2 protein chains.
Amino acid sequence: MPKQTFFHLSKDKQDTLIEAAKKEFSRVPLHEASIANIIKSAGIPRGSFYQYFEDKEDLFYYLLNQLSVKNHLRFISVLQEKNGDLFETLITNFQFMLEVHRDQEHKNFFRNVYLNMNYKNEKTLAYHVYEENQKTQYFNIIKLIDTTKLNIHNEQELHHVIKIVMGITFQNLVQLFAKDYSDEEALKNYLVQIDLLKRGLLKN
Amino acid sequence: MPKQTFFHLSKDKQDTLIEAAKKEFSRVPLHEASIANIIKSAGIPRGSFYQYFEDKEDLFYYLLNQLSVKNHLRFISVLQEKNGDLFETLITNFQFMLEVHRDQEHKNFFRNVYLNMNYKNEKTLAYHVYEENQKTQYFNIIKLIDTTKLNIHNEQELHHVIKIVMGITFQNLVQLFAKDYSDEEALKNYLVQIDLLKRGLLKN
DNA sequence: GTTGACTTATGACATGGTGTCATCTATAAT
DNA sequence: ATTATAGATGACACCATGTCATAAGTCAAC
């Protein structure tokens, strides 16, 4: 998290900094991004940067977290609309993500995130969904899921189901960027995989 | 790939370098690793390093590829033993991986790989070979799978099935390191997820 | 309105990392 | 012996990070 000093800044200055960061992290992935570029773009001296943030990662994950909170809220709202149908929600959400990427800078930012999707990134993106440390958030979601349609026997298995579908969703987003799929191709692949998950991989 | 000059070195000197690299990449993940440490440990001057490799990444992916070739061969051999049963093969292979990690340096190396499992890492691990050979190797595996037990209608779907199970397998290996699971816990989780995949997530 | 305590701003700098290049050395070929 | 070709070497230019001494601002209390 940014240091307190950052939050004492005017909303304006905060936004300028966040914008500068987003610009740099859209240009190149985290490990190639340079603080020099961010401060030049934001027009602040180097020392100030370290008044506000621990380091580059601190700023990056603050930004990534902010963006995924939006996703999380949308996910919950779609889940409610769809009356707890997990699969419908996933698909609608996937389509939303494709739409959001119409903005080029946004798209480049997420390309850099997904093509360097390590554990910490995934955790930040999915934190509000299945990380157990945030019990309340987690229960907010599972309470909404209509489990009567799911082929599970206990809450433990529901947890695994969520891990599986989130994993496959991330994987498809990575493929979207890695293979440079069109929205249609990406959605088609996702639908096939979700369908396979629903009906099972084993012939019965 | 390393430059030709590297392959002109004596097997001994090659091994010394590879060992030094493995040591450094076991200590810290790729982006924190320093060439200075590798050359100090291998006892070669800085200039020589750049005679042999393009850069740090070049060496890292050469090493990672070497290690995953072993995995790949084992996977194929298990698949044959199990008469093409994909799920049995996955589970046996998962157990093998847990065993391999008994060696501490090996384990640390793979911890650093899996906790920073980006697209390029996964691609290197999953295909075990450089670009040119991918297709051949891939068909080698496909041919061995007994598809009569799988709930699929065409080769396209088989392709998706493989993506799904590989994705879930990687995800479980990441969790193993991230959550510091015991071998038993990790295996238990993996078995539950594979079982869910087999029988399908939707109640029928 | 002066003092003092605390917070914030600033940029020069120490440190450490990367990749290059001019130069030296070894080996092979004629 | 001479020349060409490949390999070895470490000093160096360049760039990035994080720190720190110092300056500047804020605010409450007297």
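As the structure is a prediction and not an experimental result, all values here were calculated from the model. In what follows, chains carry the letters A, B, and so on, assigned in the order in which the sequence lines appear, proteins first and then strands, with residues in each chain numbered from 1.
In this entry the distance linking NE2 of A/His31 with C1' of C/dG17 reads 14 Å, nearest Å. Residue A/Phe49 contributes atom CZ, which lies 18 Å from atom P of D/dC20 at whole-angstrom precision. Rounded to whole angstrom, the span from the CD1 atom of A/Ile39 across to the C1' atom of D/dG18 amounts to 12 Å. When rounded to the nearest whole Å, the span between NZ of A/Lys40 and P of D/dA16 equals 9 Å. Between B/Ile38 atom CD1 and C/dG17 atom P there is a gap of 12 Å when expressed in whole angstrom units. In this structure, B/Leu9 places its CG atom 14 Å from P of C/dT27, rounding to the nearest Å. Distance B/Gln51 CD to C/dA22 C1': 13 Å, rounded to the nearest Å. When the P atom of C/dG17 is taken as reference, atom CD of B/Glu57 falls 15 Å away, rounded to whole Å.
Between A/His8 and C/dT8, a side-chain N or O to OP1/OP2 separation shorter than 4.0 Å is present.
Using cut-offs of 30° and 60° on the angle between ring planes, the pair B/His101 and B/Phe110 is tilted.
Out of C/dT20, D/dT17, C/dA9, the shortest distance to the side chain of B/Tyr50 is found at C/dT20. Distances from the side chain of B/Lys13 to the nucleotides D/dT19, D/dA16, D/dA8 place D/dA8 closest. With distances taken from any side-chain atom of A/Ser48 to the nucleotides C/dT20, C/dT10, D/dT9, the minimum falls on C/dT10. Residue A/Thr5 places its side chain closer to C/dA9 than to any other of D/dT17, D/dA8, C/dA9. The side chain of B/Arg46 has D/dA11 as its nearest neighbour among D/dA11, C/dG11, D/dG18. Proximity note for B/Lys56 (side chain, C-beta onward) versus C/dT18, D/dA16, D/dT9: the nearest is C/dT18.
Here the closest heavy-atom approach between residue A/Phe7 and residue A/Pro2 is recorded as CE1-O, 3.7 Å.
Here B/Tyr52 lies in heavy-atom contact (under 4.0 Å) with sugar-phosphate atoms only. Residue B/Ile35 is classed as a sugar-phosphate contact, given heavy-atom separations below 4.0 Å to backbone atoms only.
The side-chain hydrogen bond (donor to acceptor under 3.5 Å, both in side chains) analysis of residues 47-62 of chain A, with sequence neighbours excluded, yields the pairs A/Tyr61-A/Asn121, A/Tyr62-A/Gln66.
B/Asn172 and B/Gln193 form a side-chain donor-acceptor contact under 3.5 Å, judged by distance and modelled atom types alone.
Salt bridge annotation for A/Glu99-A/Lys107: absent, with no cationic side-chain nitrogen under 4.0 angstrom from a carboxylate oxygen.
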